[in-house]
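In what follows, a structure is listed as structure tokens, so that the remarks can point back to it.
By convention in this document, chain letters (A, B, ...) are assigned in the order of the sequence lines, proteins followed by strands, and residues within each chain are numbered from 1. When reading the values below, keep in mind they use all heavy atoms of this one structure, side chains included, and skip hydrogens, waters and symmetry mates.
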There are 2 protein chains.
Amino acid sequence: MKDHARINRETSMTESGTRERLLCVAGPIFAAHGYDRVTIRELCAAAEVNIASVGYHFGDKMGLYRAVIQCVREQRLRRFPDSDNERSDPEKRILLIIRNLLSRMISEDESDWEIQLLIREIQRPTQVFETMVHECFVPQFQLLIDTLEELSQEKLPKYRLDQFALSVVGQCTYYAMGSGMIRILIPEAEREDHFDIDSLSVHIAAVTLAATRGGQALEHDEAIRKHLSAPITTERKQSSFFESNA
Amino acid sequence: MKDHARINRETSMTESGTRERLLCVAGPIFAAHGYDRVTIRELCAAAEVNIASVGYHFGDKMGLYRAVIQCVREQRLRRFPDSDNERSDPEKRILLIIRNLLSRMISEDESDWEIQLLIREIQRPTQVFETMVHECFVPQFQLLIDTLEELSQEKLPKYRLDQFALSVVGQCTYYAMGSGMIRILIPEAEREDHFDIDSLSVHIAAVTLAATRGGQALEHDEAIRKHLSAPITTERKQSSFFESNA
DNA sequence: AACTATTTTAAACAATTGTTTAACTCGGTG
DNA sequence: CACCGAGTTAAACAATTGTTTAAAATAGTT
């Protein structure tokens, strides 16, 4: 019964069309509404195939979802083979990395459903998540760390580089994950003028450079640590970002 | 029919218990599994009330959810009235703000379901989202901006302060939203040693201070802008954070 | 053409969903 | 006591869900 589908998937001998149509249609829909809110009937209606097709070709609704994720991954790996911005000054490289990160996060294109899908995986990981991270995110993260290491004149311990790298990633991804909040916090006019990809990548790159350049960051680190002894724990539970203050 | 419930809710005359029990039980469950994956029967079974109770007291499943959100909000507003860390040097204040932000993000307590619930609202906003942001997040965001303004010696334009503030918020919230990825990217030993609330708040505060202190950030800004002319757009679509590079 | 394997189809499946109904209990008031 | 409104209950509601079935259609081979 389902063995047919398995053989079909592995050898990919047939080009019947229904499997591919289903695979192509499911991506944007899953990305738009999330796994739970998408029904098999909705997918099959969009793909103009029978309701039983997903069960036959993918065995399961989750099987279709996993196939979609894997398809996106392979397609991206094939489309973006290797970037070769190896030899240039680290300041420029870090700007490029940040810029690429942001252009993937801030959605403007129409084919953004791939990023939306991956972001959903990041926010609520499933079984596919771990392999996805290892294949796609870890290498880029390592590239970011290498650049940061080259950027800082002095030798930094690994955990320090990781912290800086996560600061970069955090700043960038927030514009995707917290876009709803940003839309409220920042007026639209200001957003359009100073929160485009160019302005933001320059800003984040500047922050990163200022933080990593020289030992001044560590110097501040020590200056701050003096404050960190007693008085903080007392106010620790008094206020929070989620609480009103006015 | 539902008028009873409405009157009951407004005047809060009766203390029947089922409404309150439902309200208390629903919070953690919604936070744990999300709105969609929670069934009315599951909630009523946990609260040991009849299935029709939610329809009677809240009119709707969504009504119960909105009541839970509002309950959390009011409870937090009541519990944290006003923090009075007004007069102290801005370096210490920014550290306190970051620290509070992080302690809310990195979940260690058992009563973290409130934050989890709010984070779910941030990620996938519903109707309750906007009022929630205006009541809770906007004031704290303003406090952050005020501190940043005091921190920078020179006068910065508003959009600049907003960018810095979002950098702070982004770095902090990433440890909550991207925790799944961090768990993979950073080894566990390193995470336990250098990614606790204390270390991270010092790190983020140091980054923020280094970025806002003096005009050096802007100086870098200009230095970077020179790079930003032509060559970027060419490599714009070549690689991405999601793509492998090795 | 006949047979086989593979794919598609319409229909029904069983389970679960949110919501509603109508009877019922209880407490207080005339 | 009778009455009434508020609250609770069990049952059923209609709708939708993912999944399966068994027959029909298609393609490929001898």
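- For Glu130(A), the CD atom sits in a loose shell: 12 or fewer heavy atoms of surrounding residues, nucleotides or ligands are nearer than 6.0 Å.
- Glu121(B) and Tyr65(B) share a donor-acceptor pair across their side chains, judged by distance under 3.5 Å alone.
- In this structure, Leu22(A) places its CG atom 10 Å from P of dT8(C), rounding to the nearest Å.
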field: Strand DNA chain C as a dot-bracket string - pairs counted if Watson-Crick or G-U with both distances under 3.5 Å, | where the partner lies in another strand
entry: |||||||||||||.||.|||||||||||||
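- Listed by first and then second residue, the side chain to side chain donor-acceptor pair (under 3.5 Å) pairs involving residues 174-185 of chain A amount to none (not counting sequence neighbours).
- Within the 4.0 Å cut-off from OP1 or OP2 of dT8(C), at least one side-chain nitrogen or oxygen of His57(A) is found.
- Put simply, CG on Asn50(A) is 12 Å from C1' on dT20(D), counting in whole angstrom units.
- Heavy atoms only, all atoms of each residue included: Ser201(B) and Ile98(B) are closest at CA-CG2, 3.8 Å.
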With 3.5 Å as the limit, what N/O pairs link the protein to nucleotides 15-19 of chain C?
{"from": "dG18(C)", "atom 1": "OP1", "to": "Val38(B)", "atom 2": "O", "distance (Å)": "3.3"}
{"from": "dG18(C)", "atom 1": "OP1", "to": "Lys61(B)", "atom 2": "NZ", "distance (Å)": "2.8"}
{"from": "dG18(C)", "atom 1": "OP2", "to": "Ile40(B)", "atom 2": "N", "distance (Å)": "3.1"}
{"from": "dG18(C)", "atom 1": "N7", "to": "Arg41(B)", "atom 2": "NH1", "distance (Å)": "3.0"}
{"from": "dG18(C)", "atom 1": "O6", "to": "Arg41(B)", "atom 2": "NH2", "distance (Å)": "3.0"}
{"from": "dT19(C)", "atom 1": "OP1", "to": "Asp60(B)", "atom 2": "OD1", "distance (Å)": "2.1"}
{"from": "dT19(C)", "atom 1": "OP2", "to": "Asp60(B)", "atom 2": "OD1", "distance (Å)": "2.9"}
{"from": "dT19(C)", "atom 1": "OP2", "to": "Lys61(B)", "atom 2": "N", "distance (Å)": "3.1"}

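- Across all their heavy atoms, Arg191(A) and Ile186(A) have their closest contact at NE-O, 3.1 Å.
- One can place CZ of Arg21(A) at 15 Å from P of dT7(C), the figure rounded to the nearest angstrom.
- At a cut-off of 3.5 Å, with distance as the only test, no side-chain donor of Ser53(A) or Asn50(A) sits close to an acceptor on the other residue.
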task: Please step through side chain to side chain contact (heavy atoms under 4.5 Å, CB included) for the pair Phe164(B) and Ile145(B), ending with a clear verdict.
output: CA-CA 8 Å; Phe164(B) 280 125; Ile145(B) 284 185; over 6 Å; no
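- Here the closest heavy-atom approach between residue Ile51(B) and residue Val54(B) is recorded as O-CG1, 3.3 Å.
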